[in-house]
Amino acid sequence: MAKGNKLTPQSEDFSAWYNEIVYKADLADLSPVRGSMVIKPYGYALWENIQKNLDQMFKDTGHENLYFPLLIPMSFFQREAHHVEGFSPELAVVTHAGGKELEEPLAIRPTSETIIGEMYSKWIQSYRDLPLLYNQWANVLRWELRTRPFLRTTEFLWQEGHTAHANADEAVAETNQMLDVYTEFAEYYGAIPVIRGEKTAGERFAGAKMTLTIEAMMRDAKALQSATSHYMGTNFAEAFNISFNDENNQQAFAHTTSWGLSTRFIGAIIMSHGDDQGLIMPPRLAPSQVVIVPIYRRDDEVAKAQVLGEVDKLARQLKDKNVRVRVDKREGISPGFKFNEWEQKGVPLRVELGPKDIEQGTALLANRLEPDKETVKLESLAEGIPERLERFHEALYQRAKSFRDSHIFEVKDYAEFKEKIEEGFVYASHCGDPESEKQIQEETKATARCIPLEGPSASGIPCIHTGKASGYPRKVIFAKAY
RNA sequence: CGGGGCGUAGCGCAGUCUGGUUAGCGCACUUGGUUUGGGACCAAGGGGUCGUGAGUUCGAAUCCCACCGCCCCGACCA
């Protein structure tokens, strides 16, 4: 019966599983250009739900959207030393246009700090112009050597928030606030538990004074940086002359921040929740929260009309409750095929409705997280769906959390570190020396993910690698990462 | 750029070593019929610059040369 439509099991080859599900669930397709991809309707619908909800959170915290251009004068990148160093290797540059060589080459934005800095310097004259709280939804381009769908593509979609403030306190508060926003987004919408923390100097954004991150654990126990929030200090303000007169008519540099979440988050959803059957969509972001599969014989027109009538009625009731519902009326495809397909696409709840059910006034309800189907009264089915979706979200979140918690280890020495790093995340005291971090990476493939905001104290505990005093108040999280 | 592999139908592959009719298989697709409550079956069809170029040969997917492209592993990254 079952043909070769099965996915490679995660336990056999997680990476093969990931690649297969991206295409089989119809999230994306390869493009003719190496390293870039087409985001197909099912994947894009997921992105639209991410956008919609995150955007509302930005607006609720006082931000406005605007749009900066794609092309950035090459010279802008030279102005901030760390920034140019960090981004030059992955810049794509337009050198010719209109059949002629350009006087100044134009970089395709890999991120927009520089051009935004240039514009902010024009817009900001007085402390009354601050804070400036802007965000843009855009595409960016980074010439990556190795690419993977959603996780690292040459072109990707994201939002980048860029704010300017009168002093460090406000800017740092903004940086923290946006980390809170991302945390809530990942957990409340994505059902993805995250570890919040600060990046070590070596992992910091090019040009930042402080980088905050949310790190999530994928089901292969590797880490995925899911969003970041940066405090730039006055680095960009000095490079782009973003200065203003303060209340005492003194010139001062603005303190800036930037923060972003990209289509990589789709990768986080895939790898946080998916199983050997395919995707599992978090209900609050799922393109379809419920799919209804009508069942009937083609030769029985009466039953067919009756079934489709009930199905439409149920769909209407669900829409009235703001449930995203999809009815799969495709003909010539067996119900069993549809069940498998929607399971692979990760739809949280599925209703199966046929003549036998209607006779009894019931429907079969399948839950993507549970093996058995439930018989539910048709008349009260719609009413119970919103709550079932809430419970589904909670179960999904708890499932991810308990997986993560059972794959985090606290280690005492380097030998134990090397052993446990193969199994998941590791808390270890670290001196903070970038050289030591590098060596650890070479020896174990693991990187310092972050200094967690909450976690075991490192005070008085020597570095597991160098034996020197800990460089941070808490133990650092190390992990192999995407 | 270093190491390995691959280019044959939309996808996955066989055929290449040992040259020889009309280039084949699975999936997908089209049509018809039987099916439809867990990935249906039967039958008939459509679809190919065998990566590109030059060569050897009576004859090249197959041999030689050059080029191009892609994938995997390593160094960089949201």
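First the proteins, then the strands, lettered A, B, ... as listed; each starts at 1.
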Exercise for review: Ignoring the backbone of Ile295(A), work out which of G37(B), A75(B), G38(B) is nearest its side chain.
Suggested key: G37(B)
Exercise for review: Looking only at side-chain atoms of Phe337(A), point me to the closest of A78(B), A75(B), A40(B).
Suggested key: A40(B)
**Study point:** Of the listed nucleotides G37(B), A78(B), G39(B), the one nearest the side chain of Lys356(A)
**Key:** G37(B)
Review point. Expressed as a whole number of Å, how far does the C1' atom of G59(B) sit from that of U22(B)?
Key: 16 Å
Exercise for review: Would you classify Lys338(A) as touching base, sugar-phosphate or nothing, given that sugar-phosphate means primed atoms plus P, OP1 and OP2, and contacts are heavy atoms under 4.0 Å?
Suggested key: nothing
Review point. Does the pair Lys438(A)/Asp433(A) count as a salt bridge with the N-to-O cut at 4.0 Å?
Key: no
Check your understanding: So does Arg298(A) get a side-chain nitrogen or oxygen closer than 4.0 Å to the phosphate oxygens (OP1/OP2) of U35(B)?
Key -> no
Point to revise | Side-chain N or O of Ser334(A) closer than 4.0 Å to phosphate OP1/OP2 of A40(B) | key: yes
**Study point:** Residues Asp26(A) and Lys40(A) bridged, charged N to O under 4.0 Å
**Key:** yes
**Study point:** Paired nucleotide for A60(B) [Watson-Crick or G-U wobble; both distances under 3.5 Å]
**Key:** none
Revision key, fill the gap. The nucleotide from G39(B), G37(B), A78(B) with an atom nearest the side chain of Gln225(A) is A78(B)
Check your understanding: More than 12 non-hydrogen atoms from neighbouring residues, nucleotides or ligands closer than 6.0 Å to CH2 on Trp137(A), yes or no?
Key -> yes
Practice item. Classify the nucleic acid contact of Arg350(A) as base, sugar-phosphate or nothing, counting any heavy atom under 4.0 Å across all strands shown. Key: base
Exercise for review: Searching all strands shown, indicate the nucleotide that pairs with C17(B) (Watson-Crick or G-U wobble; both distances under 3.5 Å).
Suggested key: none
**Study point:** Nucleotide paired to G46(B) in any strand shown, Watson-Crick or G-U, under 3.5 Å
**Key:** none
Study note, to complete from the structure: With the side chain defined as heavy atoms from C-beta on, Arg146(A) is closest, among G39(B), C72(B), G38(B), to C72(B)
**Study point:** Ring-face cation of Arg284(A) near Tyr188(A) (centre distance under 6.0 Å, axis angle within 45°)
**Key:** yes
Revision key, fill the gap. To the nearest angstrom, the CZ-C1' distance between Arg297(A) and U36(B) comes to 7 Å
Exercise for review: Could you state the atom-to-atom distance from OH of Tyr296(A) to P of G37(B) in whole Å?
Suggested key: 12 Å
Exercise for review: Just name whichever nucleotide pairs with G2(B), Watson-Crick or G-U, keeping both distances under 3.5 Å, else none.
Suggested key: C73(B)
**Study point:** Complementary nucleotide for A23(B) - Watson-Crick or wobble, under 3.5 Å
**Key:** none
Revision key, fill the gap. Leu145(A) atom CG is separated from C76(B) atom P, nearest whole Å, by 10 Å
Check your understanding: What distance separates Thr111(A) OG1 from Glu160(A) CD, expressed to the nearest 0.5 Å?
Key -> 4.5 Å
Practice item. Would you mind reading off the distance between Asp13(A) atom CG and C73(B) atom C1', rounded to a whole angstrom? Key: 14 Å
Check your understanding: How far does the P atom of G4(B) sit from the matching atom of G47(B), given to the nearest Å?
Key -> 42 Å
Check your understanding: Any salt bridge between Glu343(A) and Arg350(A), counting N to O under 4.0 Å?
Key -> yes
Check your understanding: If you measure from the P atom in U62(B) to the same atom in A54(B), how many Å do you get, rounded?
Key -> 14 Å
Exercise for review: For G39(B) versus C25(B), give the span between their P atoms, rounded off to a whole number of Å.
Suggested key: 27 Å
Check your understanding: If you look at every strand shown and take non-hydrogen atoms under 4.0 Å, does Lys199(A) touch a base, only sugar-phosphate, or nothing?
Key -> nothing
Review point. Between Asp357(A) and Ala481(A), which has a closest nucleotide on RNA chain B that is more 5'?
Key: Asp357(A)
Practice item. Please state the C1' separation for the pair A78(B) and C41(B) - nearest whole angstrom. Key: 49 Å
Exercise for review: Pick base, sugar-phosphate or nothing for Phe265(A), based on heavy-atom distances below 4.0 Å to the nucleic acid.
Suggested key: nothing
Review point. Roughly how many Å is it from CG in Asp299(A) to C1' in U35(B), rounded to a whole number?
Key: 9 Å
Review point. Just how far, in rounded Å, is C1' of U36(B) from CD of Glu352(A)?
Key: 13 Å
Revision key, fill the gap. note: Glu113(A), atom CD; A78(B), atom C1'; distance rounded to Å ~ 12 Å
Check your understanding: Counting only N and O atoms by type, is there a donor-acceptor contact under 3.5 Å from the side chain of Thr153(A) to the main-chain atoms of Phe150(A)?
Key -> no
Practice item. Mark yes or no: Lys199(A) above the aromatic ring of Phe205(A), with NZ or CZ under 6.0 Å from the six-membered ring centre and no more than 45 degrees from the axis. Key: no
Review point. Which one is paired to C67(B), where only Watson-Crick or G-U wobble pairs with both distances under 3.5 angstrom count?
Key: G51(B)
Point to revise | Base paired to C41(B) (Watson-Crick or G-U; both N/O distances under 3.5 angstrom) | key: G33(B)
Review point. Hey, does the side-chain of Lys373(A) have a donor or acceptor N/O within less than 3.5 Å of a partner on the base of G37(B)?
Key: no
Check your understanding: Just checking Thr153(A): base, sugar-phosphate only, or nothing, at a heavy-atom cut-off of under 4.0 Å?
Key -> base
Point to revise | Gly35(A) or Arg142(A), whichever maps to the more 5' nucleotide of RNA chain B | key: Gly35(A)
Practice item. Quote, to the nearest angstrom, the P distance that separates U35(B) from C27(B). Key: 23 Å
Check your understanding: Touch check for Gly354(A), heavy atoms < 4.0 angstrom, all strands: base, sugar-phosphate only, or nothing?
Key -> base
Review point. What is the distance, rounded to the nearest whole Å, between atom OH of Tyr482(A) and atom C1' of C76(B)?
Key: 18 Å
Exercise for review: Could you give the distance separating C68(B) and A43(B) at their P atoms, to the nearest angstrom?
Suggested key: 48 Å
Review point. Distance between the P atoms of G10(B) and U30(B), in whole angstroms?
Key: 16 Å
Review point. Is it true that Asp275(A) and Arg219(A) make a salt bridge, defined as a side-chain N closer than 4.0 Å to a carboxylate O?
Key: no
Check your understanding: Quick one: which of G39(B), G74(B), G38(B) gets closest to the side chain of Glu341(A)?
Key -> G39(B)
Exercise for review: Name the nucleic acid region contacted by Leu364(A), choosing base, sugar-phosphate or nothing; use a 4.0 angstrom heavy-atom cut-off, strictly under.
Suggested key: base
Check your understanding: For Leu151(A), which contact category applies under a 4.0 Å heavy-atom criterion: base, sugar-phosphate, or nothing?
Key -> base
Point to revise | Complementary nucleotide for A78(B) - Watson-Crick or wobble, under 3.5 Å | key: none
